[in-house]
Amino acid sequence: MTTQHFSPRGGEGDDEGAAPVPTTPAASTQAVDDLLDEIDDVLETNAESFVRGFVQKGGQ
Amino acid sequence: MGIETEYGILGGEGARQNPMALSALVVAAYAQAVPRPGRTRWSYESEDPLSDARGWRIDRAVADPSQLTDAGHEDEGRAARGATPGAPETSGPGEPPVAVALTRRRRPVHPERDDPAATNVLLTNGARLYVDHAHPEYSSPEVASARDAVLWDRAGERVMLTAVRTLAASPHTPDVQLYKNNVDGKGASYGTHENYLVDRAVPFGEIVDYLTAFLVTRTVMIGSGRVGLGVRGETPGYQLSQRADYMEAEVGLETTLRRPIINTRDEPHADAGRFRRLHVIIGDANCFETATYLKLGTTSLVLAVLEAAQRGATIPFAWEALHLADPVASVQAVSRDLTLEQTLDMAGDGTPLTALQIQRHYAAGVREVLGETLSDDDAAVLAAWERTLDLLENDREAAAREVEWLAKLRVLEGLRTRHQLSWDHAKLAAIDLQWSDVRPERGICARLRTAGGVAAVVTEDEIERAVSAPPTDTRAWFRGEALRRYPEAVVAAGWDGVVLDVPGEPTLVRIPMPDPRRGTAALMGALLDRHPTAATLVAELGGNAPRT
C-alpha cells in the first residue's frame with residue numbers, strides 16, 4: 001500500500017511527487033498558452049473533415 | 001469498485017471501416033503485443049444482464065438486442081445461476097483464504113472453437129479487454145481505493161496506446177485511433193461505467209432516494225466538458241458533461257437506450273446474498289486523474305453512509321431535503337450552467353439549491369456520519385472533495401488544473417480569443433475530440449499535461465507497473481496472478497471465478513471468488529508461493545490429484 005494522496009496544494013507527507021506541485025494561476029495560464037502556441041502542429045490537418053468523419057456507433 | 005471504458009474508434013484511410021472489426025483488431029493487437037502461452041478465454045458464468053435490482057428479471061425475448069451483453073454465452077450464466085443454490089459461505093477470520101467450493105466442468109471437445117473471434121482477453125493486471133458493441137472496452141480490475149481506481153484506469157489508456165502503436169507498426173493492418181470520450185457529436189454515445197460493491201442490506205430504494213441528486217450535481221467536479229449542445233450537438237456552445245444529453249430516465253435497466261440516472265442492472269458478479277454491484281452509467285470518460293479520483297471516491301463515500309445507516313447510523317438530516325423536482329431536466333441544467341450559480345428546483349417546498357450547494361450538503365453529511373471512522377484513503381478523498389468545491393467557488397484559475405471541463409474550456413476560450421472563433425467552428429470541435437486521443441503526441445489533454453497544466457494523482461512509474469500487475473488487495477490479485485503464474489492451466493476466468501485445466505483432474509476445476517475483497521495477496525500470496533504448478537494448487541484446495 002502506498003501512502004501517497006492526491007493533495008493539489010502540495011500538502012501532507014508525500015514523497016515521490018504524487019502530489020501535484022503547488023502552482024500559481026500564472027503557471028496554469030502559461031501551460032494553456034504554450035499549448036495554444038503549438039496547437040496547429042497537434043490538431044488534425046483538416047479539422048473540418050476530421051470532425052465530420054468522427055462517426056461512432058452507439059454503445060452502452 | 002472499478003471502471004469500464006468503451007473507447008471511441010477511428011480507423012483506415014478513406015473508406016470507413018467496420019467498427020466491430022476494427023475493435024476486434026485492437027484487442028488482437030494487444031494480445032499479440034503482449035504474448036503469453038495458454039488460451040485463456042472469458043467466462044460468462046456470473047453474467048446476468050437482464051436481472052433488475054428492483055427485484056425482477058426481464059425476458060430475453062422482450063429485451064432490446066443491445067441489452068444481451070452475454071449473447072451466445074447465455075447458457076453459461078443460466079447454468080451457473082441454477083447450479084449455485086443459496087448463498088456461498090460467508091467469510092470470517094478463522095476461514096481459509098479462499099472460500100473454496102471447487103466446482104467442475106466437462107472439458108470442451110473443441111476448445112479452439114469456443115471463442116473464435118478471440119475478442120475477449122484477460123490481462124495479468126486483472127482487467128478484461130474486449131469488444132463491447134462496436135467499441136474496444138477496458139474493464140479495470142477491482143480496486144479498493146479511489147487512488148487505485150485512477151492507477152488502473154490510466155493503465156487502461158496505456159493498454160489502448162500499445163494496441164494503437166502495434167497496429168501502426170504493421171504494414172498489414174489499418175491504423176487505428178482511439179479516444180477516451182463518450183460522444184461523436186452525431187447522436188451516438190458510448191459509456192464509461194463505474195461499479196461499486198454495496199452491501200446488499202441497503203434497500204435499492206434508498207440508493208435511488210439519496211444518490212440521484214448526488215449523481216446529477218457531481219458533474220461540476222468531474223465533467224470532462226463537451227463542445228455542442230443537444231444529442232447531435234445541434235446548438236453551438238459548451239457544456240460540462242459528455243453524457244448529460246443522453247440521460248433520459250430517472251431509474252431503469254437499460255444502458256443503450258432510455259439511459260437512466262440510476263441503472264438497475266443487478267448482476268453482482270459476486271455473492272448475490274451479500275453484495276450488490278451498483279452500475280453507474282451517467283459519468284463521463286475522464287482524462288484528468290483528479291476527476292477519476294473524485295468520481296470514484298466521493299460516490300463510494302456517499303454509498304458508505306447508506307451502508308453505515310444499515311448498521312445504526314442516522315442518515316444526515318440535510319440529505320432528506322436533497323430531492324430534485326425534475327432529476328432528468330436537472331442533469332442537463334447542471335451541464336449547461338458554466339457559472340455554477342443557477343439553482344435547481346427541489347421537490348415539495350424545498351429551497352432551490354445550486355449544484356455546488358447540494359455537493360456541500362453531501363460532503364458535510366459524509367463528514368458528519370463517517371468523519372472519525374474514515375480510513376486514510378477515504379479521509380484524503382473527503383478533503384480533496386471539500387477543497388475542490390472551495391476552488392470552484394472561489395478560485396477558478398487554480399481549479400483549472402484539477403477540473404477537466406474547466407481546463408478544456410480554457411483551451412477552447414484561448415483559441416477563440418486568438419482567432420475570433422465562434423462556437424460552431426470545426427477547430428473547436430476537433431479540440432474536443434482530440435482532447436482524449438490516447439497518443440500522447442496527439443492528445444490535447446496529454447499535451448496540456450506535458451506543459452504543466454494538469455494535476456497528477458499517481459506517478460508514471462506506478463501506471464507502468466499497473467499495466468501488468470494487479471491490485472494486491474482485491475480478488476483481482478488472484479485472477480491476475482493465476483494467469484501470470486499458471487498461463488497453461490488457466491483456460492477461462494471471469495469476475496468471480498478462475499477455471500483451471502490441470503493434469504490429474506478428471507474435469508476442469510473452477511475456483512470461485514464470490515467475495516471481491518478476498519483473493520488478495522495478503523490472503524493468498526503464501527498459498528500461491530507454495531505451488532509452482534497449478535496441479536498442486538488444485539490438489540491442496542481439494543481436487544483429486546495426488547498431493548506432492
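Every chain is numbered from 1 and lettered A, B, ... according to where its sequence line falls, protein lines coming before strand lines.
- A:Asp40 contributes atom CG, which lies 4.0 Å from atom NZ of B:Lys427 (distance to the nearest 0.5 angstrom).
- In this structure, CZ in B:Arg418 is found 4.5 Å from CG in A:Asp37, a value given to the nearest 0.5 Å.
- Only the side chain of B:Arg259 comes within contact range of chain A, judged by heavy atoms closer than 4.5 Å.
- Distance alone, capped at 3.5 Å, is enough to place a donor-acceptor pair between the A:Gln56 side chain and the B:Ile9 backbone.
- Using a 4.5 Å cut-off between heavy atoms, B:His425 does not touch chain A at all.
- Classified by interplanar angle (parallel below 30°, tilted 30° to 60°, perpendicular above 60°), the ring pair B:Tyr179/A:Phe54 is perpendicular.
- Looking at B:Arg396, there are no atoms closer than 4.5 Å to chain A (heavy atoms on both sides), in backbone or side chain.
- Heavy atoms of A:Ile39 lying under 4.5 Å from chain B belong exclusively to its side chain.
- Contact annotation for B:Ile444: both backbone and side-chain heavy atoms come within less than 4.5 Å of a heavy atom of chain A.
- Residue A:Asn46 does not touch chain B at all, counting heavy-atom pairs closer than 4.5 Å.
- Paired with A:Gln60 under the rule side chain to side chain donor-acceptor pair (under 3.5 Å), one option of B:Thr192, B:Asn263, B:Asp132, B:Thr256 passes, and it is B:Asp132.
- Contacts of B:Ile281 with chain A are absent, with no heavy-atom separation under 4.5 Å from either backbone or side chain.
- For the atom pair B:Gln434 CD and A:Glu44 CD, the distance stands at 4.5 Å (nearest 0.5 Å).
- Summarising the geometry, atom CZ belonging to B:Arg447 is positioned 11.0 Å from atom CG belonging to A:Asp34; distances are rounded to the nearest 0.5 Å.
- Interatomic distance, CZ of B:Arg401 versus OG1 of A:Thr29, reported as 11.0 Å (0.5 Å rounding).
- Atom CD of A:Glu48 sits in a sparse spot, with 12 or fewer heavy atoms from other residues, nucleotides or ligands closer than 6.0 Å.
- In this structure, A:Val51 and B:Lys186 approach most closely via the heavy-atom pair O-NZ, 2.7 Å.
- Counting all heavy atoms, side chain and backbone alike, B:Ala188 lies closest to A:Gly58 at CB-N, 3.7 Å.
- To the nearest 0.5 Å, atoms CG (A:Leu36) and OG1 (B:Thr417) are separated by 9.0 Å.
- Scanning all heavy atoms of the two residues, the minimum distance from B:Ile431 to A:Leu43 falls at CG1-CD2, 3.8 Å.
- When heavy atoms are compared at a cutoff of 4.5 Å, B:Val150 does not approach chain A at all.
- Residue B:Glu254 does not touch chain A at all, counting heavy-atom pairs closer than 4.5 Å.
- Of the listed residues (B:Gly414, B:Ser189, B:Ala400, B:Ala407), the one with the most heavy-atom contacts under 4.5 Å to chain A is B:Ser189.
- The choice from B:Gly453, B:Ala146, B:Pro19, B:Ala426 that makes the most heavy-atom pairs within less than 4.5 Å of chain A is B:Ala426.
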